[in-house]
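Presented below is the structure to which this report refers.
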Amino acid sequence: MQEITSLNTDCRQRLRSRGICVIVPTFNNAGTILDVVTRTHAMCHDVIVVNDGCTDSTPQILSAVEGITVVTLPRNSGKGCALKAGFRKAIQMGFAYAITLDADGQHFPEDIPLLLEANIKHPDALIVGERKDLEKQSRSGGSKFANKFANFWFCIQTLHHLRDTQTGYRLYPLRKLHGLCLLTSRYEAELELLVFSAWHGVRIVSTPVRVFYPSKEERVSHFRPAYDFTRIFILNTCLCFLALCYGLPLALLRLIRTIIYTVYSLLFFVAWCLFYLLPVSLYYVLFVKDQERRTMGLHKTLCFLGKLVMLWHGIPGVRRSMADKYGEDYSRPAMVICNHQSSLDLMAMLAQSPRLTILTNDWVYHNPFFGFALRHAEYYPVTEGFDTLLPKLRSLVERGYSIAVYPEGTRSADCEIMRFRKGAFRIARELQLDILPLVEYAPGKCLPKGGKFLRKGLFHVETYERIPYSEYSQHGEDKDIASWFRRYYVKRYDELRDRLDQTL
């Protein structure tokens, strides 16, 4: 019991830190509403119940429940209107996401962590709770037909396949809600929300959840077969028409925009490398004989290129930001470490300071566009090995340069923090350097490993406080220090993700 309580507490804290609330629309569910709301509140601090003009004892039951927010509609307006009222209240209260579940007891509030986990992996997506073993459940023929009917037309209208478009158990990214000026006001509005979200490029991700169907005698249903099927038919007719004149053009525009942004970004980078970085690098290599002046000049040139890409318009469609609340000025040498997600990472590292030397892989070191500058600026490939690198790095440190390494060694395909290799920490220990952590968020979502096209998103770099040699050296050998720093990064990355996902 204590373990379950602890898990629930962790879930509630994580939901709040990510700006997630739960919305429960209800109409005359007096028999189940107390149980549903109580169990939901045990999983989430922030519960909004929308009283859709209930005429039974539901208002009195809700008034006795502490810690929830109740939105009351003056008369029964339908589930679509109730959801819209709940969404508006959630946005007014500052939430970034809203989980919706039904008040009739079909959904298990205990499955909220499943939607939370899916939201962490896909922060910009609309999460659909796909009901498990739906075909084995005791349902009416009308309910089975309605689900298959809706799935078929959703596929036709959006070219996306979902196995359960009728589920009310969902997690909505409130900033990306489309279709709030609903064509319909009742339960089929949930299908409409899915369709409009898909048309606007919102990812739709399914995650399995449990479902409970009570016996026919206990079941409360407001479904009217003839009337509601007619409404569904009319809605799908309208959506099919809109798919041709609205949804398809939007998809084509997104594709064209993606191609233009990618080509522009590539040409921007290549042009600045060919017409700025290469000529300036040649000047320093051919005409500046003083090694220190040449090295610093090349570093300043590379730093300027990084700032061009990160702070100007080098990556269209990607919001870029850099934060440093500790005022790091790189006046003292340090071992700079950073998580690695994307090819874009190098630009963020170059933009930090001209007093920074980056250990790269062979592909970057011999890159035809900027490899020449890196090689003459005393950047080095990690493949040279520890014994060869250490004297060179010691010379750089003595001259006031910091060393930057990606301790994961390769880009993370899923943006999660991978195992840290010990090489960076061995160098830091040998040179007795402070370790300066940089944490990058989401460049791997904008240009993922193996990806060819830029995606809209956020690329943020956060600089944290230096960790002195005297502090981290107490954690043991190099591999122990590497493990400690990985745990440090997982914690910092989760904090950063919870905060920034709310702005997507």
Side-chain angles (χ1 to χ4, degrees), residues 1-117 119-120 127 129 168-174 177 209-212 214 218 220 222 498-499 502:
M1 180 62 71
Q2 186 176 358
E3 182 178 352
I4 294 175
T5 303
S6 176
L7 289 174
N8 289 357
T9 301
D10 291 343
C11 177
R12 297 178 98 200
Q13 292 174 346
R14 195 69 191 270
L15 288 168
R16 175 163 282 183
S17 68
R18 293 185 63 79
I20 303 176
C21 67
V22 178
I23 297 173
V24 184
T26 180
F27 174 63
N28 290 354
N29 297 114
T32 55
I33 188 64
L34 179 60
D35 178 63
V36 169
V37 171
T38 302
R39 290 161 59 198
T40 302
H41 197 244
M43 303 302 301
C44 178
H45 285 290
D46 306 292
V47 179
I48 300 171
V49 182
V50 183
N51 171 8
D52 186 19
C54 295
T55 57
D56 60 2
S57 59
T58 296
Q60 290 75 29
I61 295 173
L62 294 177
S63 65
V65 181
E66 296 183 357
I68 65 171
T69 300
V70 179
V71 177
T72 302
L73 302 183
R75 58 184 178 83
N76 178 238
S77 303
K79 189 175 183 181
C81 289
L83 286 174
K84 184 162 62 173
F87 292 144
R88 286 176 173 167
K89 184 64 176 179
I91 293 171
Q92 178 186 339
M93 295 173 69
F95 291 104
Y97 304 95
I99 295 173
T100 62
L101 58 86
D102 294 344
D104 58 5
Q106 287 188 15
H107 300 145
F108 287 75
E110 293 76 17
D111 284 346
I112 287 175
L114 299 177
L115 276 74
L116 170 61
E117 181 180 352
N119 171 253
I120 292 171
I127 311 299
Y169 210 165
R170 301 177 181 179
L171 186 148
Y172 292 91
L174 295 175
L177 269 181
V209 296
R210 294 172 291 173
V211 65
F212 168 73
E218 299 174 342
V220 177
H222 305 293
D498 288 348
R499 172 162 57 88
Q502 299 181 49

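Starting from 1, each residue takes its place in the sequence as its number. Heavy atoms only: backbone and side chains are in, while hydrogens, waters and symmetry mates are out.
- The CG atom of L34 lies 6.5 Å from the CD1 atom of I61; values are rounded to the nearest 0.5 Å.
- Between the side chains of N29 and T58, not a single donor N or O lies within less than 3.5 Å of an accepting N or O.
- The two residues V24 and A103 have their closest heavy-atom pair at CG1-CB, 3.8 Å.
- I112 is listed as a side-chain neighbour of Y169, based on a closest heavy-atom distance under 4.5 Å.
- Here I120 contributes atom CD1 and R18 contributes atom CZ; the two are 5.0 Å apart, rounded to the nearest 0.5 Å.
- Heavy atoms only, all atoms of each residue included: D52 and G78 are closest at OD2-N, 3.1 Å.
- Closest non-hydrogen pair, R210 versus D111, comes out as N-OD2, 2.9 Å.
- Note that the CG atom of D498 and the CD1 atom of I20 stand 8.0 Å from one another [nearest 0.5 Å].
- Looking only at distances, a side-chain donor or acceptor of D104 sits under 3.5 Å from a matching main-chain atom of Q106.
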Can F108 and V209 be said to form a side-chain contact (heavy atoms from CB on, under 4.5 Å), step by step?
CA-CA 8 Å; F108 287 75; V209 296; over 6 Å; no

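- Scored by the salt bridge (charged side-chain N to carboxylate O under 4.0 Å, His left out) test, R39 finds D35, E110 as partners (sequence neighbours excluded).
- Across Y97 and P173, no two heavy atoms sit closer than the pair CD2-CA, 3.6 Å.
- Side chain of N51 to backbone of T26: no donor-acceptor contact under 3.5 angstrom is found.
- In terms of modelled atom types and a separation under 3.5 Å, the side chain of R12 and the main chain of H41 share a donor-acceptor contact.
- Between G86 and I48 the shortest heavy-atom distance is O-CD1, 4.3 Å.
- Residue I99 holds its CD1 atom at 7.0 Å from CG of L116, rounded to the nearest 0.5 Å.
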Output, in order, the C-alpha distance, side-chain angles, deciding distance and verdict of side-chain contact (heavy atoms from CB on, under 4.5 Å) for L15 and D46.
CA-CA 9 Å; L15 288 168; D46 306 292; over 6 Å; no

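- The two residues L73 and A85 come nearest to each other via the heavy atoms CD2-CB, 4.0 Å.
- The distance from atom NZ of K89 to atom CD1 of I23, rounded to the nearest 0.5 Å, is 11.5 Å.
- Atom OG1 of residue T40 and atom NE2 of residue H107 lie 11.0 Å apart, to the nearest 0.5 angstrom.
- Between the T55 side chain and the G53 main chain, no donor and acceptor come within less than 3.5 Å of each other.
- Panel note: side chain H45, backbone R16; no donor-acceptor pair is recorded below 3.5 Å.
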